[in-house]
Amino acid sequence: MENCIFCKIIKGEIPSVKVYEDEDMLIIKDVNPQAKIHLLLLPKEHYADITEMSDAQAQTLARCLKKLSTMVDALGLNDGFRLVSNKGAHACQSVGHLHIHILGGNQLGDRMC
Ligand code: AMP
């Protein structure tokens, strides 16, 4: 989608530190980390938040989360991690492209905004 910063990152128009990529998702480092490890899982298809998902997008997101669960060691998340997705300005969502925060590394961010 035009003017979506995460779509631009997915298309390679804006630089990012990519940790993992496949046909459905991109995982990047958050530019303003709130935990020792702060990653963002971005579904490649644009939709604003979890309430706007189609059934097909929900299935894709579930596949992405399942794949993430196989990458815990590789991502350095063995000590545990949190998954957070903010919906709406009052919940501190600042980018209107669904994203899952992955917070870990023995200093779990409890301040998300
Ligand atoms: P939220 O506030 O839940 O919408 O989260 C948006 C997140 O995107 C924040 O944690 C930002 O630090 C992060 N962010 C914004 N722009 C970029 C970028 N260009 N590269 C990586 N992370 C970004």
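Just so you know, residue 1 is the first one in the sequence shown, and it goes up from there. Atoms within each ligand, like the ligands themselves, are counted from 1 in listed order.
The nearest non-hydrogen atom to atom 18 (C) of ligand 1, considering only Val17, Ile9, Ile14, Leu103, comes from Ile9.
The CE atom of Met25 sits 5.5 Å away from atom CG of Leu41, with the distance rounded to the nearest 0.5 Å. Note: Glu21 CD to Leu42 CG = 10.0 Å, rounded to the nearest 0.5 Å. Here the OG1-CG distance, from Thr60 to Asp24, works out to 5.0 Å after rounding to the nearest 0.5 Å. Rounding to the nearest 0.5 Å places CE of Met1 at 10.5 Å from NE2 of His97. Taken from CG in Leu77 to CE in Met71, the straight-line distance is 9.5 Å, to the nearest 0.5 Å.
For ligand 1, the polar-atom distance check against Gln93 finds no nitrogen or oxygen pair separated by under 3.5 Å. Taking any N or O of Ile5, backbone or side chain, none lies under 3.5 Å from an N or O belonging to ligand 1. The distance criterion of under 3.5 Å between nitrogen or oxygen atoms is not met by His38 with respect to ligand 1. Note: an N/O pair closer than 3.5 Å links Val31 and ligand 1 by distance alone.
Leu39 has its side chain within reach of Leu75: a pair of non-hydrogen atoms, C-beta onward, lies under 4.5 Å apart.
Close contacts between ligand 1 and Phe6 involve ligand atoms 8 (O) [criterion: under 4.0 Å to a heavy atom]. Per-residue contacts place Ile28 under 4.0 angstrom from the following atoms of ligand 1 (heavy atoms of the residue considered): 21 (C). Annotation for ligand 1: atoms under 4.0 Å from non-hydrogen atoms of Leu40 are 8 (O), 13 (C), 22 (N). Contact atoms of ligand 1 toward Lys29: 21 (C) (distance under 4.0 Å to a heavy atom of the residue). The ligand atoms of ligand 1 that sit less than 4.0 angstrom from a heavy atom of His101 are 1 (P), 3 (O), 5 (O), 7 (C), 10 (O). Ligand 1 places these atoms under 4.0 Å from at least one heavy atom of Asn32: 12 (O).
The 12-atom threshold is exceeded at NZ of Lys11, counting heavy atoms of other residues, nucleotides or ligands nearer than 6.0 Å. Around atom NZ of Lys18, more than 12 heavy atoms belonging to other residues, nucleotides or ligands sit under 6.0 Å away.
Residue Cys92 touches ligand 1 through its backbone alone, judged by heavy-atom distances below 4.0 Å. Counting heavy atoms under 4.0 Å from ligand 1, residue Asn86 touches it through the side chain alone.
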Evaluate the ring pair (Phe, Tyr, Trp, His ring centres under 6.0 Å) criterion for residues His99 and Phe6: first the C-alpha distance (whole Å), next the side-chain angles of each, then the deciding distance (0.1 Å), finally the verdict. CA-CA 9 Å; His99 51 284; Phe6 287 168; 5.1 Å; yes

